[in-house]
Amino acid sequence: MTKLESLRLSRRALLGGGAAVGLSAALAGCSNEGRGGATGANDPGTKSKVRPAYLRYEGVAPDLAGAEIGIPDAFIRYPADPVQAITEPPGDGKPIKVMTYTNTPVPPKLAQNEFWQELNERVGSPVEVNLTPSVDYGQKFATAVAGGQLGELFMIGGIPQKPQMLAAKAVDLTPYLSGDKIKNYPFLANLPETSWNAAIFGGKIYGVPIPRGAISTMVLYARKDILDEYGLPAEVTSADEFVQLCRELTDGPKNRFALADLPREYVRNMFAIPNQWRVQDGKLISGLEEPAQEEALALLAKLWKSGYVHPDAFTGQNQDRKTRFGNGTGPLVPGTFSGWPAYLQTMDKAGEIAIMAPPAHDGSGVGHTWLGEPTISVTAVSKEAEDRVETLLAYLNYLATPFGTSEYLFRKYGIAGVDHTVVDGNPVLTDKGFSETQLGLQYQADGPWAIFLPEKEGSTEACFNAMKEICPEALANPVDGLYSETNNRKGPQLGRAIGDVTDDIIQGRKPVSDWARAVAKWKKDGGDKIAEELYAAYEASR
């Protein structure tokens with residue numbers, strides 16, 4: 001299911017079906033404080049009254065500056081003498097209990113994990129992480145809410161009754177973070193201003209955002225070394241050229257399929273379909289309603305029927321497509337820019353990455369890539385830990401230390417000689433380090449993303465240049481950060497229904513003509529209501 005089909009409520013929505021019902025029941029007695037009607041008073045006008053001040057970190061100058069064009073700064077070398085940003089451990093000696101998710105294999109337990117042991121020493125408190133695979137996090141979260149087992153810090157996405165849930169279960173952080181008060185936590189103050197939109201409801205700050213933005217833009221990765229082997233270009237200028245490229249890359253005797261996974265978003269980008277929604281004539285129109293959706297589905301069905309897509313694309317896990325890309329059995333794969341380090345990790349040293357920008361399907365120019373969301377999720381402080389708010393915020397501030405600091409170096413690369421080696425002056429994760437450091441720290445808090453890819457020479461420049469080419473013209477979702485209760489309550493079920501029809505069409509079980517009926521049902525079952533609520537929030541924010 002694509003990001004579009006699930007209305008931004010697939011992996012990041014966290015809840016659906018029975019999990020949503022369970023959470024709604026758990027919240028039945030919650031106060032309506034912070035509800036603010038359909039939007040949860042979650043518009044920029046309300047946010048501006050409490051929004052934390054922005055204090056950009058200037059401690060390290062980038063090698064390639066991206067801020068002015070809306071992409072991350074890039075760094076070719078890690079400073080030889082990193083700045084020590086935190087002078088005192090943030091912890092108070094008591095355990096810090098965290099609930100979050102992961103998109104990588106669960107790391108070794110504390111007793112076998114040298115990185116985790118050292119993290120506890122540096123934090124000054126034992127960090128106890130309740131780590132769940134992202135695909136299971138929704139059900140886990142609902143169960144934790146119902147059982148009062150959220151922990152002291154918990155990651156929250158787009159759940160039903162989100163404003164009510166936060167008002168009932170999370171500490172109001174406004175007295176600690178609004179305006180200049182956030183300067184007590186300078187690395188939280190370094191987070192992009194727009195990322196705080198996802199953390200403010202009813203005029204109150206209920207968490208610390210985890211920023212992403214342009215780095216979470218979905219693109220198509222290509223194994224340039226394999227393309228070169230076949231004498232094929234790393235760019236296409238039309239849908240027909242893309243199909244031809246897939247045909248020539250697919251090699252049965254080598255068990256090679258051109259695509260490690262279905263390029264749903266990439267194909268839709270060829271047909272200029274909006275990023276989730278567009279505003280037209282005083283209302284909000286879903287991208288699902290675009291006539292070009294049927295053309296895009298027909299092309300996806302053609303790729304599948306022709307055998308150009310790995311046969312396990314509908315049944316495998318996220319890690320599987322990375323493995324296919326790494327071993328060359330799927331040399332084209334959709335992924336976000338933030339996934340570049342993981343893709344480098346899966347390849348041997350001869351592997352080389354390129355990014356293929358989507359063309360207009362008819363060859364008339366470039367396609368329209370969808371810009372990534374400003375915030376991936378929010379970490380809230382449980383009311384059960386209200387007496388430790390300052391300690392917990394200090395811990396999140398530690399996790400948000402930016403590139404160039406000794407804290408960032410340790411957090412991302414672990415212990416020198418154990419979790420990483422130094423190659424040409426840069427840290428490079430070892431296999432042990434790649435395993436040990438996967439504690440979901442980046443899903444608890446994180447600083448602004450930095451492009452730094454020391455695993456392979458030239459990768460930093462390649463990633464920066466690809467983002468520079470694609471992201472400044474990428475299409476933003478006009479209602480990003482705005483709240484619809486119907487979207488959070490019914491979006492997962494609606495997304496699954498439209499996703500099932502999408503899968504049936506692509507795999508040939510239903511004709512493309514069934515799409516119109518599916519969209520009409522989506523509109524009737526809640527899509528139109530979502531559009532109304534989001535448009536009301538959009539108008540209020542202007």
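Basis for what follows: all heavy atoms, side chains included, without hydrogens, waters or symmetry-related copies.
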Mind running salt bridge (charged side-chain N to carboxylate O under 4.0 Å, His left out) on Glu290 and Arg268 for me, showing each step along the way?
CA-CA 10 Å; Glu290 293 294 318; Arg268 287 179 166 120; over 6 Å; no

All N/O donor-acceptor pairs, side-chain side in residues 458-467, below 3.5 Å, sequence neighbours left out:
residue	atom	partner	partner atom	Å
Ser459	OG	Lys456	O	3.0
Thr460	OG1	Leu453	N	2.9
Asn465	ND2	Glu461	O	3.1

Partner set under salt bridge (charged side-chain N to carboxylate O under 4.0 Å, His left out) for Arg122, not counting sequence neighbours
Glu118

Please examine the side chains of Val208 and Leu191, heavy atoms only from C-beta on, and report whether any two atoms are closer than 4.5 Å.
yes

Check against side-chain contact (heavy atoms from CB on, under 4.5 Å), Asn477 and Val479:
CA-CA 6 Å; Asn477 177 352; Val479 293; 3.3 Å; yes

Locate the shortest heavy-atom distance separating Tyr101 from Pro133; write the atom from each residue and the value.
CB-C, 4.4 Å

For Arg509, is there an ion pair with Asp504 - N to carboxylate O distance below 4.0 angstrom?
yes

Set of side-chain hydrogen bond (donor to acceptor under 3.5 Å, both in side chains) partners for Asp73, sequence neighbours left out:
Arg56

Please name all residues satisfying ring-ring contact (aromatic ring centres under 6.0 Å, His included) with His368, sequence neighbours left out, ordered by chain then number.
none

The test is side-chain contact (heavy atoms from CB on, under 4.5 Å); show your working for Arg324 and Val333 and say whether it passes.
CA-CA 9 Å; Arg324 295 171 202 141; Val333 66; over 6 Å; no

side-chain contact (heavy atoms from CB on, under 4.5 Å) between Trp449 and Ser338, intermediate numbers included
CA-CA 8 Å; Trp449 198 278; Ser338 62; 3.6 Å; yes

Could you tell me whether the side chain of Trp370 and the main chain of Ile273 form a donor-acceptor pair under 3.5 Å?
yes

Evaluate side-chain contact (heavy atoms from CB on, under 4.5 Å) for Asp312 paired with Thr315, printing each intermediate quantity in order.
CA-CA 5 Å; Asp312 294 335; Thr315 57; 3.9 Å; yes

Taken in chain and number order and not counting sequence neighbours, the residues that satisfy salt bridge (charged side-chain N to carboxylate O under 4.0 Å, His left out) with Glu229 are Lys254

Would you please name every residue forming a side-chain contact (heavy atoms from CB on, under 4.5 Å) with Ala301, sequence neighbours left out?
none

Would you indicate whether the side-chain heavy atoms of Phe154 and Thr379 approach each other to under 4.5 Å?
no

Could you give all pairs that pass the salt bridge (Lys or Arg N to Asp or Glu O under 4.0 Å) test and reach residues 446-455, with sequence neighbours left out?
Arg212-Asp446, Arg411-Asp446, Lys412-Asp446

Compute the ring centroids of Tyr78 and Tyr413, then answer whether they are less than 6.0 Å apart.
no

Can you tell me how far apart OG1 (Thr323) and CE (Met347) are? Round to the nearest 0.5 Å.
13.0 Å

Run the salt bridge (charged side-chain N to carboxylate O under 4.0 Å, His left out) test against Asp228 and tell me which residues pass, sequence neighbours left out.
Lys224

Return the set of residues passing side-chain contact (heavy atoms from CB on, under 4.5 Å) with Leu232 (not counting sequence neighbours), or none when no residue passes.
Leu227, Tyr230, Leu245, Glu248, Leu249

Partner set under ring-ring contact (aromatic ring centres under 6.0 Å, His included) for Tyr398, not counting sequence neighbours:
none

CH2 of Trp340 to CD1 of Ile353: how many Å apart, nearest 0.5 Å?
5.5 Å

Contacts of Glu473 meeting salt bridge (charged side-chain N to carboxylate O under 4.0 Å, His left out) (sequence neighbours excluded), chain-then-number -> none

Quick check on the 6.0 Å ring-centre criterion: do Phe452 and Phe403 meet it?
yes

Could I get the full list of ring-ring contact (aromatic ring centres under 6.0 Å, His included) partners for Phe271, not counting sequence neighbours?
His361

Would a 4.5 Å heavy-atom cut-off, applied to side chains only, mark Tyr266 and Met356 as touching?
yes

Do Asp480 and Pro374 make a side-chain contact, defined as non-hydrogen atoms from C-beta onward lying under 4.5 Å apart?
yes

Under a 3.5 Å distance rule, please check whether Asn426 uses its side chain to pair with a backbone N or O of Ile76 as donor and acceptor.
yes

